Amino acid sequence: MRKSATALCQLAALLFALTTGSIAALAADGQDHDGKSGGTADHAKFEELNKTFASGPDVTRACLSCHNKAGDQVMHSIHWKWEFQNEKTGQTLGKSHVINAFCGNVAANEPRCTSCHVGYGWTDMAAGPPKDETKVDCLVCHDRTGTYTKIATAAGMPPLDPVSPKAQTITGAPAKALDLGKIARSVGLPGRENCGQCHFYGGGGDNVKHGDLSSVLFEPTKAVDVHMDKDGLNFACSKCHVSTEHQWAGSRYDVKAIDTVGTGKPGARRDVATCESCHGSSPHPIGTVAGIKLNNHTGRVACQTCHIPSFARGGVATKTKWDWSTAGKLKEGAPYHEEDFTQSDGSHLHTYLSTKGGFEWGENVTPYYAWFDGQVRYTLSDATIDPTKTVEINRIKGSPDDPNSRIWPFKRMEGRQAYDAKLNHLVYNHVFGPDTDSAFWTNFDWDKAIKAAMEHVGVDYSGEYGFVDTLMYWPITHMVAPKDDALACAECHARDGRLASLAGFYMPGRDHFSWLDIIGYLAIAGALGGVILHSLARVMMRGRTKH
Amino acid sequence: MTDKNHYHDIRAQEKPPVIKKKTRQGLCPGQNHYVMIYTRYERFWHWSQAALIFALFFTGLNIHGTFSLISFKLAVTIHTFAAIALIVLWIFTTFWNFTTGQWRQYLFKEGIFKIIRFYAYGIIVGEPHPYKKGLQRKQNALQSLAYMTFMLIVGPALWSTGIIYLLYDLWRDMPYAGVLLPIIAFLHTAAAFMIAIFVIVHVYMTTTGKSVFHYVKTMITGYDCVELTEAEEAYIRETQSVSMIE
Ligand code: HEM
């Protein structure tokens, strides 16, 4: 009964996929990524778009003339505000507020960091994003020519004629002048190449930040990501990161660490990006002991833990350590770099930059595991730190005794970064500013750089800085491997397995009572020894009684 | 102990023919007769229990982390199936023991110190066994006590903790589940060690018969030489309730 129902569903899904597939194939813009097909309009035929555009806002104005609620919707999203109000912890987070273990802070470095803002011209964090709807950048998400991009240092502006020969895009490629008209006529639902331009390059380079989001995911193989597999499911990001009114599911500030609702009614869920929202919470076949056991694991172990055996797969490394304390060394008065990490594709990655300090990189990195209930508390600039200890930039909450916590995989970023040595709090840093006399990347002077940033943000600074070791946790959830690559039981159920250092609960195979074992093994050895001695005695005495 | 009235209860369900041919003459010395003392069910129960316990001990240690000769997944799978099989077997056997009255075999017997003395000393110097196996006295006092301990203490300790362990996912969200699990695992492991010691000594004891494999052979064929009282012998001949080879 159940089987036939599933078969029916599969048939229906197949038919659906075939029809939507052919509609998509007919569409002028040739959208090919699953999860974003189904458009009913060809933008190339719209009068409003059949002209030349002088600027980004010019295009936006044309978009808004039909999509009259889109601007307002975007301006209420985290993509626009870079601010997240965490109701559970009361903290105000988001890129405009937090300090991280990478470049540190957006504030005081705006035009470089806001190059990835979904808008045009956000030049001052404190003032907030632009108030004008036409400053929303529709194209960065909706361009389907694959050519749209933004200049790396121009507060979100795209490269338009004339482009400076030295200009780079946000992915580090040489910038070329765009044809805004052609791009405007191509628009469609976002594909991986749209989201990826910003999200695969967080932290200033390919896969620097997340570890599970790299340029490999533009066209990944199945081995790297079963969902985005270019020859298979080929999901767009929005297939999982569902949206309503330009708001997306899937937050790193307030993570849905466990989803007991599961799939919900067919087609019902538009609110979460969890694995369970498609796969349910008993996804393993129940025909075997192992299947039943695994289904019981889903309440305690996140899907990602077993199904993402390592991150930074597919040939692009991620930054695992960033030591700011060594930044600023010069050779003959000039900044220099070292490239001592060789990526599997043969390219060399920076291990030292005068501007940024020392780095370590990793490919196919084994995650760090922790109990996680989805809550993350940030060490903001107002938090007093203990510089004698390693400071957690973001603390993840969770416990084995809490049914809402599960074991999750993380990228654990190691940092060494600046703090106020008197007031004991983290400091902001002014790194980018080619024309200022205080920006670190041009002047290599910590005193000036920190002071300028702290003034800009308006946080007290004693004038004395030091460096403190930090850790930052990034939940791993992309790069889901094919099921044959999922972790075997003994990866964790073993004395020295992946969860060896996770305390507070008993796990067969990992834990044991040493003294019970010692007594047990000794008793067994004693019993064996006893019977051997006894039998020897019998044999010897028998020999004697015979004679 | 050799109350006639019991024969019927005990052996009624199995009526193998008395083999009249004198093929096995001289097999048993003196008064003894070569009779079936372990029925088919007893032998089946004994050997399948042995195999299951061996499998459980092996896979249990593999799960425990003592060694990893097979994958954890396979170990858990085998352990789970073998455990369920063993529990079913024990339920059947308990039922069998009570319906056939065989449970009496396990009752406390006197003379245990003589037996202990025999195994500690007598056997080495060649004294005769102080205990005569009878149709209704298959076990000596020491055996009865050991098997009783096995069935009433170690066995239940294993299956009760094992079942709780197996059903962990049903109670894991209850308060104190985190404290209970290691206790259950501790007791289960401790009982497993006790069973292992029992098995070692038990296997060794099987070598103390007339020959090294005498007892093992008995448990395979079911037949052994036992002393029959005249009344017993007459009864068996009359009712053919017990297979006897002459
Ligand atoms: C009689 C029924 C039994 C049941 C229901 C049972 C069940 C279990 C369960 C559920 C586990 C936890 C691992 C897993 O999830 O599979 C386990 C572990 C174990 N079992 Fe059993 N078992 C039984 C009998 C035995 C026997 C007869 C032995 C040994 C002779 C044994 C030795 C062990 C050992 C050593 C462990 C590892 C304990 C640890 O490290 O936590 N079990 N058993």
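All figures in this text were calculated on a predicted structure; none of them were measured in a lab. All chains are named by letter (A, B, ...) in the order of the sequence lines, taking the proteins before the strands, and each is independently numbered beginning at 1.
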Report task. Compare all side-chain heavy atoms of F513(A) with those of P182(B) and state whether any distance is below 4.5 angstrom. Result -> yes
Query raised in the report: Around atom NZ of K293(A), are there more than 12 heavy atoms of other residues, nucleotides or ligands at under 6.0 Å?
Result: yes
Query raised in the report: If you measure from NE2 on H64(B) to NE2 on H493(A), what distance do you get to the nearest 0.5 Å?
Result: 14.5 Å
Query raised in the report: Crowded around F67(B) CZ? As in, over 12 foreign heavy atoms under 6.0 Å?
Result: yes
Report task. Mark yes when over 12 heavy atoms from residues, nucleotides or ligands other than Y521(A) sit less than 6.0 Å from its OH; otherwise mark no. Result -> yes
Query raised in the report: Heavy-atom distance under 4.5 Å to chain A: side chain of F81(B), backbone, both or neither?
Result: side chain
Report task. Classify the ring geometry between F186(B) and W515(A) as parallel (under 30°), tilted (30 to 60°) or perpendicular (over 60°). Result -> tilted
Query - Exercise: identify the closest heavy-atom pair between V531(A) and V201(B) - result: CG1-CA, 4.5 Å
Report task. Check whether any side-chain heavy atom of T288(A) lies under 4.5 Å from a side-chain heavy atom of T77(B), and answer yes or no. Result -> no
Query raised in the report: Are side-chain heavy atoms of T66(B) and H512(A) found at a separation under 4.5 Å?
Result: no
**Report entry** Close side-chain approach of F193(B) to D517(A), heavy-atom, < 4.5 Å
**Finding:** yes
Query raised in the report: Regarding D169(B) and H297(A), is there a side-chain donor-to-acceptor distance under 3.5 Å anywhere?
Result: no
Report task. Report the distance from atom CG of D173(B) to atom CZ of R300(A), rounding to the nearest 0.5 Å. Result -> 6.0 Å
Query raised in the report: How far does CG of L180(B) sit from OH of Y506(A), to the nearest 0.5 angstrom?
Result: 12.5 Å
Query raised in the report: Which bit of S68(B) is near chain A, if near means a heavy-atom gap under 4.5 Å: side chain, backbone, both or neither?
Result: neither
Query - CD1 (I286(A)) with more than 12 external heavy atoms under 6.0 Å - result: no
Query - Best-contacting candidate, A494(A), A527(A), P508(A), against chain B by heavy atom pairs under 4.5 angstrom - result: P508(A)
Query raised in the report: Counting only N and O atoms by type, is there a donor-acceptor contact under 3.5 Å from the side chain of Y204(B) to the main-chain atoms of S535(A)?
Result: yes
Query raised in the report: Which heavy-atom pair separates R172(B) from G299(A) by the least distance, and what is that distance?
Result: NH2-CA, 3.5 Å
**Report entry** chain A contact via A190(B) - side chain, backbone, both or neither, heavy atoms under 4.5 Å
**Finding:** both
Query raised in the report: Which region of S71(B), side chain (C-beta onward) or backbone (N, CA, C, O), has a non-hydrogen atom less than 4.5 Å from a non-hydrogen atom of chain A, or is it both or neither?
Result: neither
Query - Part of A488(A) lying under 4.5 Å from any heavy atom of chain B - result: neither
Report summary line: When rounded to the nearest 0.5 Å, the distance separating NE2 of H534(A) from CE of M205(B) is 7.5 Å
